[in-house]
Each structure stands twice: as structure tokens, then as C-alpha cells.
Amino acid sequence: MADIRKEFIEQAKMLARSAEVLPGGGEHGVEELAAKLQHSHDTGVPLRVKLGMDPTRPDLHLGHTVVMRKLRKFQELGHKLVLIVGGATAMVGDPSGKSETRPSLTKEQVDENARSYFEQMGKVLDISGAEVVNNADWLHKLNFMELLQLAGKITVAQMMTRDDFAKRYAEGKPISVHEFFYPLMQAYDSVVIDSDIEFGGTDQRFNTLLGRDIQAAYGKKYPQIVMLLPLIEGTDGAVKMSKTYPEHCISLTDDAKNMFGKLMSIPDTLILKYYELLTDISDADLKTLDAQLKDASVNPRDIKLKLAFTITAEYHGQAGAQSGQDEFINVVSNKGLPEDIPEVIGSNGKNILDLLVESDFVASKGEAKRLIQGGGVKLLAQDGALVEKIADMGYVINLTDDVILQAGKRKYAKLVARN
RNA sequence: GGGUAGGUGCCCGAGUGGCUAAAGGGAGCAGACUGUAAAUCUGCCGUCGCGAGACUACGAUGGUUCGAAUCCGUCCCUGCCCA
């Protein structure tokens with residue numbers, strides 16, 4: 001692979017930003033990528049870039065978009081996106097430490113989930129231009145001998161180098177044999193679809209690299225390289241954004257106001273990372289922001305507002321982002337009332353606890369009580385002025401005029417006086 | 001098959017007969033503060049009940065006991081060692 005032309009090195013560098021390119025990593029990784037790009041250019045054959053997805057819970061969040069945004073760049077350069085719906089792999093589930101064999105999804109469920117996936121992915125990627133396949137189509141047809149042949153390409157020791165396995169083994173935690181097959185299945189996919197580059201989060205290091213090895217073992221001369229992108233933390237700032245913790249996820253299906261608000265709730269320490277991985281910001285601008293964040297005279301909130309605006313705009317347009325920002329400033333900064341307050345009719349004469357539970361503001365009466373004890377339940381006038389803070393558990397609603405009920409920071413209901 | 005260590009609340013994890021609805025941490029919620037739904041501090045954090053209290057809960061099940069997450073039997077699951 002000698003003589004890689006400079007333009008491809010440059011292109012590879014651009015594409016590799018924030019990513020880890022394997023094998024090699026760093027400079028070497030960039031060269032590997034450049035070689036692929038050049039070869040594709042010279043032969044006129046687009047690169048086949050692979051992304052696999054589990055069609056289990058079809059709820060994509062911003063964490064997924066880190067990889068998707070990168071894929072979009074490849075699409076823009078004319079390369080072929082190959083999306084693999086994990087109809088077969090979904091039954092195993094990527095080993096995470098709590099694995100069980102999952103019940104197999106019916107074809108209909110897989111299709112349904114996949115459809116939902118594509119709809120959400122379509123916000124970032126060009127799905128119509130992608131090749132979409134389901135690995136159940138080939139994995140379910142493998143017979144036992146073929147399976148053994150596949151399994152024979154790797155040793156247990158190699159398998160155990162996977163961090164998750166090694167760790168669990170060291171800690172004396174269970175590892176089921178079938179979990180070994182997840183990486184193998186994913187790797188075999190690479191053989192079948194003949195991928196040139198596989199994408200994933202950094203947690204996909206082992207699986208994707210195994211794909212490279214298995215491709216080679218099945219005779220592919222230039223096996224796939226791997227591009228890994230960082231995982232981003234969820235809104236709590238500590239744990240990776242993952243559907244295991246939906247309360248920390250910023251979902252692509254969140255409405256503009258919620259998306260904006262959730263973005264504002266990330267810890268300040270995450271601002272740069274979000275900027276880098278979730279927007280198209282230039283390196284230079286990133287540096288400027290870094291400097292501003294270290295400058296005590298700049299309020300990090302303002303930078304975060306811009307971040308929230310940029311990202312929200314990508315999914316909900318300028319207008320959506322604007323409404324999200326207006327709402328945030330109005331409600332959070334100025335402690336005003338949100339725009340859309342649901343009306344509740346017929347609350348007159350009701351006990352406050354029952355009302356809170358019925359309106360789904362709290363999950364139980366106990367929680368309602370705690371909320372009241374904590375001073376979180378208030379009645380406000382139409383203009384937001386405090387009418388009274390409810391402190392009595394036995395409080396009974398007695399309306400003469402419409403009044404706004406506030407429960408906690410973000411829950412409001414307009415209690416209508418007429419019945 | 002034998003030995004041994006375990007299975008605790010959303011998660012991690014302490015607890016070995018009453019003082020345990022169960023330490024501590026994380027997550028979550030609220031309040032204060034703040035130009036952030038950031039940070040920090042404080043409180044809350046099983047269900048029902050205004051309340052006294054009742055109920056449910058420490059793998060499952062059956063016992064012992066005035067009383068069990070804690071003791072005993074059986075079963076299920078997991079790790080390690082031996083075979």
C-alpha cells in the first residue's frame with residue numbers, strides 16, 4: 001500500500017476526527033483509512049461502510065448519532081452505507097454482564113422495530129441510499145457444521161481478551177457460552193456483506209476487530225478497518241448514555257422543548273465533548289470555546305445555551321430550537337410559566353393528594369406527601385404570581401377562579417374553576 | 001458428583017435472631033442558592049392511610065421461634081476448587 005496521495009491523507013484526517021481508526025490507531029490508522037479511500041477512488045468502487053444495529057428497543061438517542069454523523073460524512077463522499085438489522089444477533093444481545101438468551105423476535109417485530117429505527121436514523125442519514133439487510137437472512141441458515149467452522153477461527157484465549165469477558169472472569173461473574181457467539185455472529189456479518197469499514201462505539205472494539213480477523217480467515221485480501229467513536233455520557237454526566245438508563249438519555253424523539261431542556265441539564269464539564277461529537281463545529285471554534293469555558297467571566301450557561309440550540313435545531317429546525325430556548329429562559333431562568341399547560345376540569349372539592357396522583361404528577365400518594373413536605377406544591381395565579389404554597393396534606397381544592405397548580409419544578413396544570 | 005462461597009431495595013453494596021423498610025454510595029425527586037434543568041448544600045427516596053398504623057419486601061418454598069434478610073430443611077441459580 002505504498003504511495004498514498006496527500007489528498008487522501010487529508011481526507012482521512014478529516015474523517016478520522018474524534019475517532020479511533022484501527023488497526024494502527026493514530027497516524028497509522030489514518031493511513032489505513034487513506035489507503036482505502038484512495039483505492040476506492042482509483043477503482044471507482046465506493047467503500048462499503050457497515051453499521052449494525054439491534055432491533056430491540058427502537059429508541060435512538062444522541063449517543064447513537066455520534067456514529068451516525070460520521071457515517072453521513074462517508075455517504076456525502078459517495079460511499080455505500082450498509083445497515084445491518086440484527087434480527088439474529090438480537091436474540092443473543094451484546095454481552096454486557098447480565099445476559100440471558102432473549103426471546104426471539106418475530107420477523108414482524110424485527111421489521112417493525114427496524115422501520116422505527118430507520119425513521120429515526122433518517123434524521124441524520126440517507127436511508128434510501130443505504131443498503132439494508134437483516135442478518136437473520138444468513139445467520140439463521142447456517143448449519144451446525146458451518147457454525148463449528150466459524151467458531152474454529154478463534155480460540156478461547158482470544159475470546160477472553162475481550163475486556164468485558166476478562167473482567168467478568170476475573171471477578172468470578174458468569175459468562176455463558178452462547179455469549180461468545182455474539183461477536184462471532186457480528187464478525188460473520190462482515191464476511192457476508194463484504195464490508196470495508198465497520199463503525200461502532202469504542203465498546204465495539206473487540207467485535208469489530210474480530211470482524212476483520214474473521215474476514216481474513218475467510219480469505220478477504222483487504223479486510224475491513226474499524227472506526228470507533230467515543231461514547232457520550234448521559235445527562236447525569238457519569239454513565240454512558242444508554243437505553244438501560246432512559247432517564248439519562250436525550251432521545252431523538254424528544255420534542256424540541258424537552259431536548260433543549262435536557263441538553264441544558266448536562267453538567268458543564270460535558271459541554272466541549274458534546275460540541276465535538278454532536279455538532280459540526282470546527283477545530284478552531286472548539287479551541288475558542290475551550291478558552292471561554294476556562295474564563296471565569298464567561299458564564300458556561302451561555303455556551304450551553306448555544307450548544308443546546310445548535311443540536312436542537314438539527315432535529316427540530318431553527319424554529320423548534322428557538323421555541324425550546326424561549327421556553328427554557330422563560331420557565332427556568334425567569335421562573336415563568338410554560339406555554340402549554342394542560343387544563344384540568346373538575347378538580348374542585350378534590351383532595352390535593354388525590355389530584356396529584358390522578359394527574360400523574362406523582363406515582364403514589366406517599367410521593368405526593370413528600371413533595372408537599374418538601375415545599376414543592378404551589379398554587380399560582382394566571383400570571384405566575386404565588387397564590388399559596390400548599391403545606392397541608394388534607395388540603396381540598398376550592399376554586400373561585402382558575403388557578404395554576406405547580407408540582408415540583410416542571411409540572412404544571414391549570415385547574416379550571418367551572419365544573 | 002464432592003467441597004466451598006454467594007443470591008439483599010432502580011443499580012452497586014453493608015447487614016448474620018429483635019434497636020431493620022433494612023448502613024453507605026450512585027441514580028431519581030424536592031428545597032436553598034445560582035444569569036443553567038450545571039456545581040454546591042440540605043431534605044426526601046416501598047405501597048396504602050390525615051394519623052396511630054397496616055401491608056408488601058432481602059432467590060423460591062416449607063419449618064423453628066413470642067419474633068427471621070439473619071437459624072434449619074428442600075429446591076432453583078451463580079462463582080471458585082476438586083473429580
Side-chain angles (χ1 to χ4, degrees), chain A residues 96-101 165-177 179 233-250 254-275 292-309 311-312 324-338 350-358 360-378 386 389-396 405-412:
Chain A
S96 64
K98 291 204 172 180
S99 12
E100 305 149 4
T101 309
F165 290 145
K167 211 168 143 208
R168 274 199 276 161
Y169 191 69
E171 288 172 0
K173 290 194 175 147
I175 301 170
S176 293
V177 171
E179 294 183 63
E233 287 82 0
T235 51
D236 70 322
V239 186
K240 304 298 170 201
M241 198 180 285
S242 144
K243 51 193 171 188
T244 314
Y245 303 102
E247 69 273 25
H248 303 156
C249 285
I250 303 174
D254 279 338
D255 64 43
K257 287 169 190 172
N258 246 330
M259 184 180 278
F260 197 98
K262 284 187 185 178
L263 282 163
M264 289 306 290
S265 81
I266 65 169
D268 293 351
T269 50
L270 235 45
I271 295 177
L272 273 188
K273 191 167 185 180
Y274 269 46
Y275 251 117
Q292 285 178 344
L293 281 170
K294 286 175 182 143
D295 179 348
S297 69
V298 178
N299 187 333
R301 188 208 57 169
D302 295 330
I303 299 174
K304 206 150 67 171
L305 276 173
K306 274 185 228 155
L307 171 72
F309 192 96
I311 295 177
T312 307
Q325 174 159 320
D326 291 346
E327 177 93 351
F328 183 84
I329 291 177
N330 177 32
V331 176
V332 180
S333 301
N334 300 333
K335 306 213 185 284
L337 295 172
K350 273 196 182 143
N351 174 273
I352 184 66
L353 295 173
D354 294 325
L355 182 61
L356 287 170
V357 174
E358 279 169 30
D360 273 339
F361 283 177
V362 293
S364 68
K365 284 199 184 182
E367 196 179 320
K369 269 179 261 176
R370 285 175 229 130
L371 192 61
I372 291 174
Q373 271 159 7
V377 180
K378 295 165 208 162
L386 181 67
K389 189 181 261 193
I390 296 179
D392 174 17
M393 305 297 160
Y395 188 92
V396 173
L405 172 70
Q406 179 180 12
K409 284 181 196 169
R410 275 175 273 162
K411 290 166 186 159
Y412 296 86

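Letters go in sequence order (proteins before strands), and every chain restarts at 1. Just so it is clear, the values below take in all heavy atoms, side chains as well, and ignore hydrogens, waters and symmetry mates.
- To the nearest whole angstrom, the two P atoms, one in B:rA27 and one in B:rA38, are 12 Å apart.
- Taking the C1' atom of each, B:rG13 and B:rC81 are spaced 26 Å apart, rounded to whole Å.
- Pair check for B:rU4 finds B:rG79; Watson-Crick or G-U wobble, both atom distances under 3.5 Å.
- Nucleotides B:rU34 and B:rU40, compared at atom C1', are 10 Å apart to the nearest Å.
- A gap of 15 Å separates the C1' atoms of B:rC44 and B:rA21, to the nearest Å.
- Within the 4.0 angstrom heavy-atom criterion, only backbone atoms of the sugar-phosphate kind lie near A:Ile266; the bases stay farther away.
- In this structure, NZ of A:Lys167 is placed 13 Å from P of B:rC12, rounded to the nearest angstrom.
- Between A:Lys306 atom NZ and B:rA38 atom C1' there is a gap of 17 Å when expressed in whole angstrom units.
- If you take CZ on A:Phe309 and CG on A:Leu263, they are separated by 12.5 Å, rounding to the nearest 0.5 Å.
- Rounded to an integer number of Å, the gap from OH of A:Tyr169 to C1' of B:rC81 is 11 Å.
- Across all strands shown, B:rA14 has no partner, as no Watson-Crick or G-U wobble contact with both distances under 3.5 Å is found.
- Using a 4.0 Å heavy-atom criterion, one finds that A:Asp302 contacts the bases of the nucleic acid, with or without backbone contacts as well.
- Aromatic ring orientation, A:Phe328 versus A:Phe260: tilted (interplanar angle from 30° to 60°).
- Shown here for A:Thr312 and A:Met259, the closest heavy-atom pair between the two residues is CA-SD, 3.8 Å.
- Just one of A:Lys304, A:Lys294, A:Lys273 meets the salt bridge (charged side-chain N to carboxylate O under 4.0 Å, His left out) condition when paired with A:Asp268; it is A:Lys304.
- Minimum atom distance to the side chain of A:Leu371 is reached by B:rA30, of the listed B:rA37, B:rG28, B:rA30.
- Position along RNA chain B of the nearest nucleotide to A:His248 versus A:Gln406 favours A:His248 as the more 5'-ward residue.
- If you check every strand for non-hydrogen atoms under 4.0 Å, A:Lys389 touches nothing.
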Counting primed atoms plus P, OP1 and OP2 as sugar-phosphate and everything else as base, spell out the protein contacts along nucleotides 41-49 of chain B at 4.0 Å heavy-atom distance: B, S or - for each nucleotide, 5' to 3'.
---SS-SSB
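- Taking atom P on both nucleotides, B:rA23 is separated from B:rU47 by 15 Å, rounded to a whole Å.
- Partner assigned to B:rU61 is B:rG73, using Watson-Crick or G-U wobble distances below 3.5 angstrom.
- If you check B:rA39 for Watson-Crick or wobble pairing at under 3.5 angstrom, you find it has no partner at all.
- Nearest to the side-chain atoms of A:Phe328 among the listed nucleotides B:rC50, B:rA37, B:rG79 stands B:rA37.
- In terms of position on RNA chain B, the residue among A:Gly408 and A:Asn299 whose nearest nucleotide sits closer to the 5' end is A:Gly408.
- When the P atom is used for both B:rU56 and B:rG67, the distance is 16 Å, rounded to whole Å.
- The structure places OG of A:Ser242 at 10.0 Å from NE2 of A:His248, a figure rounded to the nearest 0.5 Å.
- Candidate nucleotides B:rG31, B:rU36, B:rA27 were compared by shortest atom distance to the side chain of A:Lys409, and B:rG31 ranks first.
- Of the C1' atoms belonging to B:rG62 and B:rA68, the separation is 14 Å, rounded to the nearest Å.
- Residues from residues 267-274 of chain A with heavy atoms under 4.0 angstrom of RNA chain B, sorted by number: A:Pro267, A:Asp268.
- In this structure, the side chains of A:Met264 and A:Val332 stay at 4.5 Å or more apart for every pair of heavy atoms.
- Base-pair partner of B:rA21: not found among the strands shown (Watson-Crick or G-U wobble, both distances under 3.5 Å).
- Side-chain atoms of A:Tyr274 come within 3.5 Å of backbone N or O of A:Glu233 as a donor-acceptor pair.
- A salt bridge links A:Asp354 with A:Lys365: the closest approach of a Lys/Arg side-chain nitrogen to an acidic carboxylate oxygen falls below 4.0 angstrom.
- Nucleotides B:rC45 and B:rG24 place their P atoms 12 Å apart, quoted to the nearest Å.
- Nearest nucleotide to the A:Lys378 side chain, out of B:rA27, B:rA37, B:rG31: B:rG31.
- Summarising the geometry, the separation between CD on A:Glu171 and C1' on B:rU78 is reported as 14 Å, rounded to the nearest angstrom.
- When both distances must be under 3.5 Å, the Watson-Crick or G-U wobble mate of B:rG49 does not exist.
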